[in-house]
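These notes are about the structure you will find just below.
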Amino acid sequence: MDIKVPRGTQDILPSETAKWQVVEELIRETCRVYHYKEIRTPIFEHTELFTRSVGDTTDIVQKEMYTFQDRGNRSLTLRPEGTASAVRAYVEHKMFGYPDQPVKLYYMGPMFRYERQQAGRYRQFVQLGIEAIGSADPAIDAEVISLAMALYQKAGLKKLKLVINSLGDTESRVAHKEALVNHFEPHIEAFCSDCQNRLQKNPLRILDCKVDRNNPLMETAPSLTDYLNEESAAYFEQVKEYLNILNVPYEVDANLVRGLDYYNHTAFEIMSVAEGFGAITTLAGGGRYNGLVEELGGPASPGIGFAMSIERLLLAIEAENNTWEDLATLDVYVIAMGQAAKKKAVELTYSLRQNNITAEMDYLDRKMKSQMKSADRLKAKFVLLVGDDELEKQSAMLKDLSTGEQQLVPFNSLLEQLQNNLTTQLEEEKND
RNA sequence: GCGGUUGUGGCGAAGUGGUUAACGCAUCGGAUUGUGAUUCCGACAUCCGGGGGUUCAAUUCCCCUCAGUCGCCCCA
């Protein structure tokens with residue numbers, strides 16, 4: 001065996017899929033309650049979609065995209081994020097014309113970024129994305145943020161930190177960027193090489209730099225908050241007010257910057273503060289993108305959304321020591337002794353399944369003892385035993401593995417008997 | 001892209017420059033001709049990620065390479 005999964009990808013094995021299903025179910029239910037509808041878009045798009053929306057100076061576009069030529073010489077890219085696709089679909093299907101605005105969408109599926117793997121980071125990973133397009137009401141900002149928080153709470157997470165900031169509108173951002181460049185440029189040679197690159201590209205990131213955090217120029221750098229124009233500042237105030245109304249605790253971090261170009265106004269990030277988490281603690285991130293629909297050819301329509309990583313959600317749940325209900329249950333294990341009995345066992349197993357009873361049997365012609373061990377290991381509730389004696393009596397031995405009790409039951413009343421036993425066992429569990 | 005670390009059977013994990021590579025778990029067989037625990041007995045790595053080198057001899061030393069993993073950058 002020398003072919004392995006490609007770097008940064010993983011197989012999610014049967015022993016793991018149960019928890020994925022639990023989380024996925026929780027997510028769909030939450031989205032339903034918040035009245036977001038699922039949209040499914042292709043896993044690859046025209047490359048231009050991402051260069052135009054995400055921004056061609058961003059890390060994602062510059063070094064992380066899986067881009068390829070198809071046989072028709074088109075440049076396609078495995079989607080690195082979902083907002084661009086959702087907005088593309090919004091424009092393409094003229095959802096701006098829908099009577100009910102904002103259009104509220106969610107999607108869940110794999111995203112792809114070419115990066116070195118590390119704890120909580122993969123080249124193929126699964127994101128839940130939420131988008132509300134068509135409203136510039138600060139209340140919907142609060143709704144989107146609270147949806148994310150509600151989801152984590154339902155998943156049992158407590159050690160969370162919500163950080164918000166306002167990037168302001170274009171006017172505010174341009175003014176601030178100019179101020180930053182003026183502030184750092186005269187002394188930029190004192191900064192790390194990354195920061196020197198950031199100066200023109202994205203000076204906001206300099207504020208975030210860990211290498212240069214002790215440089216005195218950091219303290220005196222112009223804050224984004226001071227450069228918000230009146231309208232942007234007022235908008236941000238209202239978002240905070242709505243979060244207060246919803247009792248969603250947050251911290252304002254004036255240095256919070258998101259990596260994608262299309263963001264403006266509200267930006268937020270949710271982190272896990274659980275110990276035992278890896279170096280990457282961001283569970284979800286999002287923000288407002290008021291210019292994006294227009295950028296992709298639609299009418300000016302404001303939007304806001306977020307993306308959260310399912311892998312990181314799972315990691316966070318584990319880091320907080322929450323446990324998973326074991327969903328893999330087996331009602332009946334059918335044991336056959338001898339070839340004649342095997343034929344009956346095959347038939348019985350099939351009919352049980354026809355009646356929604358989870359059933360399994362041995363396909364290795366193993367001895368009875370081995371089959372019993374399998375039934376035990378698989379945590380079967382009941383065993384149905386068929387041998388020559390039983391065949392003669394047109395019956396099967398029905399054994400309750402939890403009590404060890406067994407009784408001979410005629411074939412023709414087996415189904416009824418089993419269904420009775422299963423329901424009484426279920427009720428007893430409830431009473432415990 | 002850069003750096004740390006690891007790479008021995010299905011899994012976990014010891015180990016040494018030299019005739020049979022510990023041990024634990026799991027699995028299979030038997031003790032127990034048709035019953036799950038425990039116990040006891042037995043089986044289970046022509047080979048120690050791959051390639052090259054040093055050596056009389058390498059899983060153990062050196063080099064290269066590949067892979068996993070963690071971290072930096074950045075992000076979900």
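In what follows, every chain begins at residue 1, and chains take the letters A, B, ... in the order their sequences are listed. None of the values given here were measured: they were computed from a predicted structure.
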Does a distance-only test, which skips hydrogens and angles, find a donor-acceptor pair under 3.5 Å between the side chain of [X] and the base of [N]?
{"X": "A:Gln117", "N": "B:U69", "result": "no"}
{"X": "A:Gln371", "N": "B:G34", "result": "no"}
{"X": "A:Lys399", "N": "B:G36", "result": "yes"}
{"X": "A:Arg7", "N": "B:C66", "result": "no"}

Pick base, sugar-phosphate or nothing for A:Met337, based on heavy-atom distances below 4.0 Å to the nucleic acid.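 Touches a base.
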Can you tell which of B:A37, B:G34, B:C72 lies closest to the side chain of A:Asp376?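 Comparing B:A37, B:G34, B:C72 against the side chain of A:Asp376, the answer is B:A37.
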Contact summary for A:Met65 and A:Pro80, nearest pair of heavy atoms: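 Heavy-atom minimum between the residues: SD-CG, 4.3 Å.
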Identify whether NZ of Lys or CZ of Arg in A:Arg40 sits under 6.0 Å from the centre of the six-membered ring of A:Tyr107 and within 45° of that ring's axis.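 Relative to the ring axis of A:Tyr107, which defines the angle, A:Arg40 lies outside at least one limit.
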Row check, A:Tyr34 ring normal vs A:Lys104 NZ/CZ: under 6.0 Å, within 45°: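 No, A:Lys104 does not lie over the aromatic ring of A:Tyr34.
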For B:U54 versus B:U46, give the span between their P atoms, rounded off to a whole number of Å.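 Between the two P atoms, the distance is 27 Å.
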Expressed in whole Å, how much space separates the C1' atoms belonging to B:A21 and B:A58?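 Roughly 13 Å separates the two C1' atoms.
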Could A:Arg79 and A:Glu81 be called an ion pair, given the rule that one side-chain N must be under 4.0 Å from one carboxylate O?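 Salt bridge absent between A:Arg79 and A:Glu81.
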Length of the line joining A:Gln10:CD and B:U69:P, which is rounded to integer Å: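 In whole Å, B:U69 P and A:Gln10 CD are 9 Å from each other.
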